[in-house]
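Computed from heavy atoms alone, side chains included, the values below leave out hydrogens, waters and symmetry copies. Below, read A as the first sequence line, B as the second, and so on, with proteins coming before strands; counting in each chain starts at 1. Quick caveat, the model's predicted, so the values are computed rather than measured.
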Amino acid sequence: MPVSTNIIDQTGALISSQEMPKTYWDQRIQALSRLRNISLPSKKDEYWKYTDPQVFNNPSVLLTNVVITDENPMFGIIDCLKLVFVDGIFDKTSSDSLDDEPVELVWLSSGTKDKSFWASNFYGSLEAEAQNRVARPLAAFNSAFAQEGLLLRVFGKVVKPIHIEYINKSPTADVILHHCVKVEQEASVTLIESGAAAARFNKVMEVDLSVGSSFDHVNVQGTDIEGVVSSQLFAKLSSECSLKSFALTINGTLTRHESIIDLVGDNSSAYLAGAAIGGGLFHHDDTVFITHDALACESRQVFKKVLRRGGKGIFQGKILVKPKAQKTDGYQISQALLLDEESQFLVKPELEIYADDVACSHGSTSGAIDEEALFYLRSRGVPDEKARELLVLAFLAEVFDEIDNAEIAEELVNHLQLYLSGYL
Amino acid sequence: MLKISNLKVKLEDEDKVILKGLNLAVGHGQVHAIMGPNGSGKSTLSYVLSGKSGYEVTGGTAELSGENMLDLDPEDRAAQGLFLAFQYPVEIPGVGNMTFLRTAVNSQRKARGEQEMSAADFLKLVRAKAKELKIDAEMLKRPVNVGFSGGEKKRNEILQMAVLEPNLCILDETDSGLDVDAMKLVAKGVNALRDESRSFLVITHYQRLLDYIKPDVVHIMADGRIIKSGGPELALEVEENGYAELLAEVS
């Protein structure tokens with residue numbers, strides 16, 4: 001479909017409003033040319049039908065209501081290696097050192113002259129590859145203009161979770177971060193991201209998993225009033241790997257959360273899960289594209305949303321099974337609990353299968369609070385509001401089961417409980 | 001304890017009158033049984049008393065310890081001491097049995113202005129009651145009624161009753177779907193709770209349950225009214241002759 005001149009103009013306007021950082025210049029120039037080719041997203045695009053991308057396309061952003069919530073710091077009680085970003089800028093004094101860990105961490109903004117440095121070849125590469133299947137213009141834009149990001153190489157087992165904490169202070173903070181993670185053979189790491197990063201946040205994370213490695217990822221957003229987020233995870237798994245990515249979103253306005261996963265080595269597994277709850281201007285979009293291109297891999301998508309007061313939930317999940325991906329096991333479920341009639345859940349599950357020895361299933365439901373269950377609880381003396389809270393938690397419980405680390409899962413459930421009780 | 005006067009109830013969404021001027025008084029410490037043919041309004045009575053939506057009260061009152069409760073929310077009725085043992089206990093995936101029961105106990109206490117029960121005291125109480133009812137501790141860890149057999153569900157109802165210590169217990173066809181052994185166990189649980197300050201309204205189709213939970217008064221309900229009341233012998237009469245004779249007597 002020809003791109004409308006309007007979108008081409010917008011793409012030009014956005015590009016000229018940005019200043020391209022000097023590091024990783026060649027990679028950025030290539031990303032910029034990809035962006036010019038595909039142009040910014042528009043509502044006419046297949047995967048942007050349900051989410052209006054305009055707020056990401058505008059040259060600048062302004063919020064009127066930035067809420068700083070540090071009363072209930074997430075993961076305060078879990079022993080983490082903390083890396084803090086304030087309005088997209090790394091805050092060294094508030095952060096922990098990773099010097100004693102089996103990792104190598106450098107910053108995108110530091111640049112490199114070494115062409116053989118792993119990130120020189122890796123930066124933007126998974127994003128570029130993914131463009132061949134479905135255009136991801138916001139990711140190409142990110143690769144071209146990212147201001148900062150961590151380039152993390154993991155050599156061994158990192159015991160404590162690495163916790164990236166985002167803090168937003170300015171109502172005009174327009175933050176573009178691009179993280180690259182390379183987990184070497186048999187290595188493992190847990191990476192947590194939390195907090196409202198900016199008024200507008202465009203984040204890309206590219207993850208390369210070597211043989212036998214594992215990557216646990218937990219992403220918590222929310223409780224800010226207005227921030228808009230585009231978050232894209234690109235991951236490539238070689239054989240015998242495990243990827244787990246979980247996202248909890250509480251409130252906020254527009255969140256577009258994309259996961260683009262390529263299973264290219266045999267016997268690997270990719271588990272994606274998400275819980276989202278919000279109302280009013282809340283618009284939460286999970287868009288997933290999993291490609292099975294190797295033998296006997298497993299992929300799993302479990303996404304649940306609780307929507308109220310006109311909140312909108314989107315789920316677009318695709319599983320592509322290529323001809324050689326025999327013995328693929330693919331599972332996908334998306335469910336919404338609609339707390340009132342104004343709320344909406346729009347779903348587009350897709351299976352595209354070219355191998356014949358494959359087990360793939362998908363399902364989707366949306367429903368209201370179970371009145372029978374509600375009455376049962378109330379008949380035992382549980383007040384209406386509390387009973388509804390229990391049922392909302394119950395609905396989401398299955399998603400939290402997807403998290404291996406019990407301590408992290410508990411912290412997230414506690415956080416959600418505080419929100420439901422009106423404390424956040 | 002419970003005084004129902006001229007209670008008239010119709011379905012909210014359709015013009016169907018179910019209770020047509022029902023009168024009933026249950027004294028302190030008494031056990032009253034209500035029997036009656038299908039469609040006579042027995043279950044509706046239990047739902048209306050406990051505050052389920054979908055019914056419209058068009059006349060009459062129902063007082064618990066002197067207070068009309070028909071305007072109260074279900075949770076407030078519970079806090080006042082009303083308990084309904086469901087005919088079909090509801091499965092609630094994702095809500096742990098213990099979390100549920102503890103929330104219920106403490107919500108009721110809070111509503112009554114009493115101090116909440118500590119986790120340790122609560123655990124002790126539930127374990128003791130569960131043991132009496134032969135409820136496996138593993139069962140308590142599961143989500144509310146999920147994966148419970150019919151008998152386990154009914155025992156779980158009685159456990160909740162034992163822990164919540166209500167003043168008025170309504171048992172809605174608690175015997176349905178139970179084998180004899182399960183019924184005996186449930187009846188034993190109920191009997192253990194009988195005392196002079198607690199009253200029971202036992203709704204049943206069959207006399208059999210009343211062999212194990214001995215009623216003080218038996219009422220026969222038909223077409224939205226109590227048509228006859230008497231002693232335990234009335235239940236035996238029904239068992240023997242069915243309802244036809246009684247219904248003919250009245251009309």
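Under a cut-off of 6.0 angstrom, the local environment of CG in Leu193(B) is crowded, with over 12 non-hydrogen atoms contributed by other residues, nucleotides or ligands. By the neighbour-count criterion of 12 heavy atoms within 6.0 Å, atom CD of Glu341(A) is sparsely surrounded, having that number or fewer from other residues, nucleotides or ligands. Atom CD of Glu385(A) is surrounded by 12 or fewer heavy atoms from other residues, nucleotides or ligands within 6.0 Å. No more than 12 heavy atoms of other residues, nucleotides or ligands shown are found within 6.0 angstrom of CZ on Arg127(B). Annotation for Lys3(B): atom NZ does not count as buried by contact number, only 12 or fewer foreign heavy atoms lying within 6.0 Å. Under a cut-off of 6.0 angstrom, the local environment of CD in Glu410(A) is sparse, with at most 12 non-hydrogen atoms contributed by other residues, nucleotides or ligands.
The contact between Asn145(B) and chain A is made entirely by side chain atoms (from C-beta outward), counting heavy-atom distances below 4.5 Å. Both the backbone and the side chain of Pro89(B) come within less than 4.5 Å of a heavy atom of chain A. Interface remark: Val105(B) contributes no atoms to any contact with chain A (heavy atom separation under 4.5 Å).
Closest approach of Ala394(A) and Pro93(B) over heavy atoms only: CB-O, 3.2 Å.
You'll find the side chain of Val382(A) stays beyond 4.5 Å of the side chain of Glu75(B), heavy atoms only.
Distance alone, capped at 3.5 Å, places no donor-acceptor pair between the Arg380(A) side chain and the Gln108(B) backbone.
Per-residue counts of heavy-atom pairs under 4.5 Å with chain A were compared for Leu164(B), Thr103(B), Leu101(B); the largest is that of Thr103(B). Taking Leu393(A), Asp401(A), Asp384(A) one by one and counting their heavy-atom pairs under 4.5 Å with chain B, the maximum is reached by Asp384(A).
Going from atom CG of Leu390(A) over to atom CZ of Phe100(B) covers 9.0 Å, rounded to the nearest 0.5 Å. Put simply, CD on Glu91(B) and CD on Glu372(A) are 12.5 Å apart, with the number rounded to the nearest 0.5 Å. The line from CG of Leu391(A) to CD1 of Ile92(B) is 6.0 Å long, rounded to the nearest 0.5 Å. Ser379(A) contributes atom OG, which lies 12.5 Å from atom CG of Asp73(B) (distance to the nearest 0.5 angstrom). Note that OG of Ser53(B) is 8.0 Å distant from CZ of Arg378(A), once rounded to the nearest 0.5 Å.
Annotation: Tyr376(A) is not in aromatic contact with Tyr88(B) [ring centroid separation under 6.0 Å not met].
The pair Glu371(A)-Lys52(B) does not meet the salt-bridge criterion, since no charged nitrogen lies less than 4.0 angstrom from a carboxylate oxygen.
The aromatic rings of Phe86(B) and Phe375(A) lie tilted to each other, with the angle between the two planes from 30° to 60°.
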